[in-house]
Amino acid sequence: MLSIALIACNSKQPKLEDECIYSPSKTQFAFWSNIAEKMEVLLYEYDKTGLVFDYDCEPYKTVALKKGKDNFWRATVKGDLNHKYYTVRSFQNGEWSKESPGIFAKAVSINGQQAAIIDINKTNPLGWDKDVRPEMPDMTDIVVYETHLRDFTMSPNSGIIYKGKFLGLTEEDTETVDGLSSGIAHLKELGITHLQILPFFDFGSIDETKVANAKANVNSQYNWGYDPVNYNVPDGSYSSDPYNPSVRIRELKTMVQSLHKAGIRVVMDVVYNHTYDALGCALGRVVPQYFYRMNEDGTYANGSGCGNETASDHAMMRQFMVESVCYWAREYHIDGFRFDLMGIHDQETMNAIRAALDEIDPTILTYGEGWAAMSPAYPYDKLAMKQWTYKMPRVGAFSDDIRNALIGSPFDHERGFASGNAACKEALMRGLIACPEWSGEPMQHVSYITCHDNYCLRDRIEVSAANETEDTKIRMNMLAQTAVLVSQGMSFIYGGEELFRTKMGIDNSYQSPDSINTISWTNKQKYNYLFEYYQQMIAIRRAHKGFRLGSAELVKKHCEFMPTDNEHLIIYRIKDLEGIDFAKSLVVLLNGGAEPATVEVPEADYTVLAHDGEANNNLGLGVIHAKSVVVEPYSATILAEYVLTEAE
């Protein structure tokens with residue numbers, strides 16, 4: 001196993017993350033501003049009664065900061081400031097800015113209005129110094145599973161005690177009311193390698209004062225969390241005590257540690273492309289406008305569709321992003337980062353992030369959405385858009401190509417290949433070999449069919465194939481996910497698809513209640529055969545290197561599509577695998593039509609790994625000698641031609 005490397009990102013530049021350095025004898029402050037005329041830190045008492053900070057409170061001390069030639073404003077306050085709060089403000093254009101917790105606060109008051117001074121080393125759970133990232137001998141092994149903390153833990157049938165909390169993903173051996181595994185045990189049983197969790201940094205849309213107690217969290221507020229306030233602090237709504245600045249930090253670390261013990265890496269969903277409120281957030285208070293892209297008329301550019309877009313191309317915003325991901329990787333042992341609307345960021349910044357993380361651990365994942373919501377205010381050919389993925393080595397992008405090919409575009413109700421649309425065949429074939437025209441290398445192609453955005457898979461099939469039977473819809477689900485798991489790209493599964501989840505037809509459930517978003521664990525009993533199919537398909541993928549060759553050169557050499565006159569059929573063959581796989585060849589037959597299809601294959605002895613909604617990685621479903629195979633409607637057949645020794 002690989003130990004967590006607690007090293008800093010190399011930089012001769014003073015660090016933004018050193019805003020507040022605590023020791024029992026003194027606390028050092030350093031804030032960056034290139035436009036301030038004066039700056040000062042305001043110190044507040046820690047209110048042990050748990051009252052919410054109010055700006056009408058008076059600071060017990062105000063400390064003037066001194067500007068250095070590097071535009072960092074510094075001061076040292078002697079004495080033990082542990083459990084004090086602070087804010088910073090700047091004087092410019094004849095007035096003081098609003099108080100801010102600073103752009104790199106590491107601990108905050110409830111709802112994040114003040115920064116807290118704590119000894120962060122005392123937030124480490126027992127054994128944290130021995131925490132290690134689960135083994136990742138080959139990056140092509142990766143199977144990512146996306147979820148939201150509340151979605152995964154809130155169901156009354158989950159058997160999880162700490163519902164909606166970081167601690168909900170620390171409980172081992174939890175079971176559904178039917179006695180089936182749930183929580184971490186479910187993830188281990190499924191076989192995924194990485195858990196991607198929707199934003200858990202401090203975000204603005206949940207009032208932390210209204211969060212109910214940890215074990216019976218019936219708080220009606222729900223949000224995905226794509227509205228950043230403090231980028232480098234866990235959100236208090238997932239804490240058992242949001243009033244105590246240290247608790248959320250300790251509990252998040254405990255969650256990461258528990259997942260690591262279970263052999264699962266943690267991917268953090270990060271949203272550096274915009275902030276909750278440009279004027280009210282820390283980035284906009286102390287240094288107005290610098291961290292954002294501005295239009296010529298002085299308004300905020302809006303490539304995010306959320307009212308503002310950040311300026312990753314500005315030197316200090318780039319430095320902030322690099323330092324931020326490095327901080328999460330070091331302090332919280334985070335194993336990967338999914339970048340929301342990555343297409344708003346520039347390529348140079350994404351490459352700088354990748355290089356900095358490589359110094360910590362090159363197995364840390366980086367991937368994101370290679371698009372923007374609207375047009376960013378930056379040259380298009382320099383942005384981290386999907387089509388330029390090959391310019392950002394080892395940074396991945398979600399493939400809407402394979403998504404749309406399999407189930408249709410989320411912007412209409414048309415069917416995809418997996419639900420009967422033969423027009424999507426060619427696009428799916430490109431997706432199966434990881435769209436080499438833009439991906440550079442296969443692992444930069446994130447193969448997926450659904451995520452938190454838009455309809456979940458069951459609902460997407462429902463809107464395009466409403467008149468089909470439930471059995472047919474489940475077959476479409478299986479077929480689509482099979483294509484993802486045999487594609488050469490990195491596999492990504494939206495949490496709950498293995499349980500045939502529904503969000504009641506809501507396609508944008510970002511603030512819908514738990515009744516819409518929660519995964520129902522009773523589905524595991526009802527659709528256990530679907531879960532077992534996903535489980536076996538993941539095992540088949542991980543067992544066969546042929547499905548994850550790992551380089552564009554090898555994909556070009558070993559992958560081929562055999563001709564067929566059937567417009568609903570794809571014959572995908574991975575050949576000449578001696579020395580790569582323990583199979584000589586693999587043949588994947590995908591039938592996206594409503595009728596059975598007879599398919600000619602190279603004559604050989606085959607072990608059937610999957611057929612007609614069943615899959616078995618261990619022994620297969622049987623051994624056949626065949627030169628033709630019947631593939632059932634809306635299903636996949638997978639054949640492995642093994643190399644037999646003389647003894648066998």
Side-chain angles (χ1 to χ4, degrees), residues 139-149 151-152 169 181-198 259 262-267 269 335-336 338 365 367-369 396-400 402-407 410 416 418 431-432 434 443 445-461 474 476-503 517 519-521 523-524 527-543 547-548 610 615 617 636:
M139 294 295 282
T140 65
D141 291 346
I142 293 167
V143 178
V144 179
Y145 183 100
E146 180 193 45
T147 197
H148 183 282
L149 273 164
D151 292 11
F152 198 69
L169 279 172
S181 65
S182 64
I184 290 178
H186 171 85
L187 297 175
K188 289 174 64 177
E189 189 179 6
L190 186 59
I192 58 102
T193 63
H194 288 66
L195 181 65
Q196 178 192 303
I197 304 175
L198 266 66
L259 287 162
I264 298 168
R265 291 189 171 209
V266 180
V267 176
D269 196 333
D335 308 290
R338 177 264 189 195
L365 268 181
Y367 60 94
E369 294 179 300
F398 283 92
S399 175
D400 51 349
I402 196 169
R403 177 198 69 190
N404 295 350
L406 280 167
I407 60 169
L432 289 169
M443 290 302 291
H445 179 280
V446 181
S447 300
Y448 82 116
I449 35 176
T450 50
C451 63
H452 65 276
D453 278 328
N454 308 307
Y455 292 109
C456 63
L457 181 52
R458 178 176 179 175
D459 293 347
R460 181 64 183 85
I461 292 171
I474 291 174
M476 293 172 176
N477 173 308
M478 290 179 170
L479 176 59
Q481 204 62 257
T482 300
V484 165
L485 290 167
V486 300
S487 79
Q488 293 296 327
M490 184 176 77
S491 294
F492 177 101
I493 297 171
Y494 180 41
E497 305 294 27
E498 77 282 12
L499 304 177
F500 208 45
R501 78 178 295 181
T502 177
K503 292 198 279 187
N517 282 294
I519 295 171
S520 174
W521 287 96
N523 277 20
K524 190 165 185 180
Y527 300 108
N528 198 49
Y529 64 95
L530 178 61
F531 166 78
E532 290 178 349
Y533 184 82
Y534 273 58
Q535 179 191 46
Q536 289 299 316
M537 280 305 309
I538 290 171
I540 288 168
R541 175 179 179 81
R542 296 186 66 184
F547 293 129
R548 41 190 184 84
N617 175 57

[X] versus [Y]: any side-chain heavy-atom pair under 4.5 Å?
X    : Y    : result
L406 : V484 : yes
M443 : I142 : yes
C456 : Y494 : yes
I402 : H445 : yes
F547 : V486 : yes
D335 : V267 : no
Q196 : V266 : no
N523 : L530 : no

(Q) Has Y145 got a side-chain atom pairing as donor or acceptor with G496's backbone, closer than 3.5 angstrom? (A)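 It does hold such a pair.
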
Could you check whether [X] pairs with [Y] (Lys NZ or Arg NE/NH1/NH2 to Asp/Glu carboxylate O, under 4.0 Å)?
X    : Y    : value
D459 : K503 : no
K524 : E498 : no
D151 : R501 : yes

Q | Evaluation steps, side-chain contact (heavy atoms from CB on, under 4.5 Å), between S399 and V446 | A | CA-CA 6 Å; S399 175; V446 181; 5.8 Å; no

Q: Test V143 against H194 for side-chain contact (heavy atoms from CB on, under 4.5 Å), laying out the working first.
A: CA-CA 6 Å; V143 178; H194 288 66; over 6 Å; no

Could you give the distance from [atom1] ([X]) to [atom2] ([Y]), rounded to the nearest 0.5 Å?
X    : Y    : atom1 : atom2 : value
Q536 : I540 : CD    : CD1   : 6.5 Å
R403 : C451 : CZ    : SG    : 7.5 Å
S491 : I192 : OG    : CD1   : 12.0 Å
I197 : F152 : CD1   : CZ    : 9.5 Å
H148 : I519 : NE2   : CD1   : 11.0 Å
I493 : I449 : CD1   : CD1   : 8.5 Å

Q) Sequence neighbours excluded, which residues qualify as ring pair (Phe, Tyr, Trp, His ring centres under 6.0 Å) partners of F398? A)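 Ring pair (Phe, Tyr, Trp, His ring centres under 6.0 Å) list for F398, sorted by chain: Y367, Y448, F492.
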
Looking at every heavy atom in both [X] and [Y], which two are closest together, and how far apart are they?
X    : Y    : result
I264 : L187 : CD1-CB, 3.6 Å
G431 : S487 : O-CB, 4.0 Å
L479 : A418 : CD2-CA, 3.7 Å
A610 : M537 : CB-SD, 4.2 Å

Test item: side-chain donor near acceptor, [X] and [Y], under 3.5 Å:
X    : Y    : result
N477 : Q481 : no
E146 : H452 : yes
Y533 : T482 : yes
R460 : T450 : no

Q.
Applying salt bridge (charged side-chain N to carboxylate O under 4.0 Å, His left out) to E369 and R338, what does each step give before you reach the verdict?
A. CA-CA 8 Å; E369 294 179 300; R338 177 264 189 195; 3.3 Å; yes

**Q.** Reference residue D141; test salt bridge (Lys or Arg N to Asp or Glu O under 4.0 Å); the match among R548, R541, R265
**A.**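 Testing D141 for a salt bridge (Lys or Arg N to Asp or Glu O under 4.0 Å) against R548, R541, R265 leaves exactly one candidate, R548.
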
(Q) side-chain contact (heavy atoms from CB on, under 4.5 Å), that's the test. Do L198 and T147 meet it? Break it down for me. (A) CA-CA 6 Å; L198 266 66; T147 197; over 6 Å; no

Q: Please step through side-chain contact (heavy atoms from CB on, under 4.5 Å) for the pair Y529 and I474, ending with a clear verdict.
A: CA-CA 10 Å; Y529 64 95; I474 291 174; 3.0 Å; yes

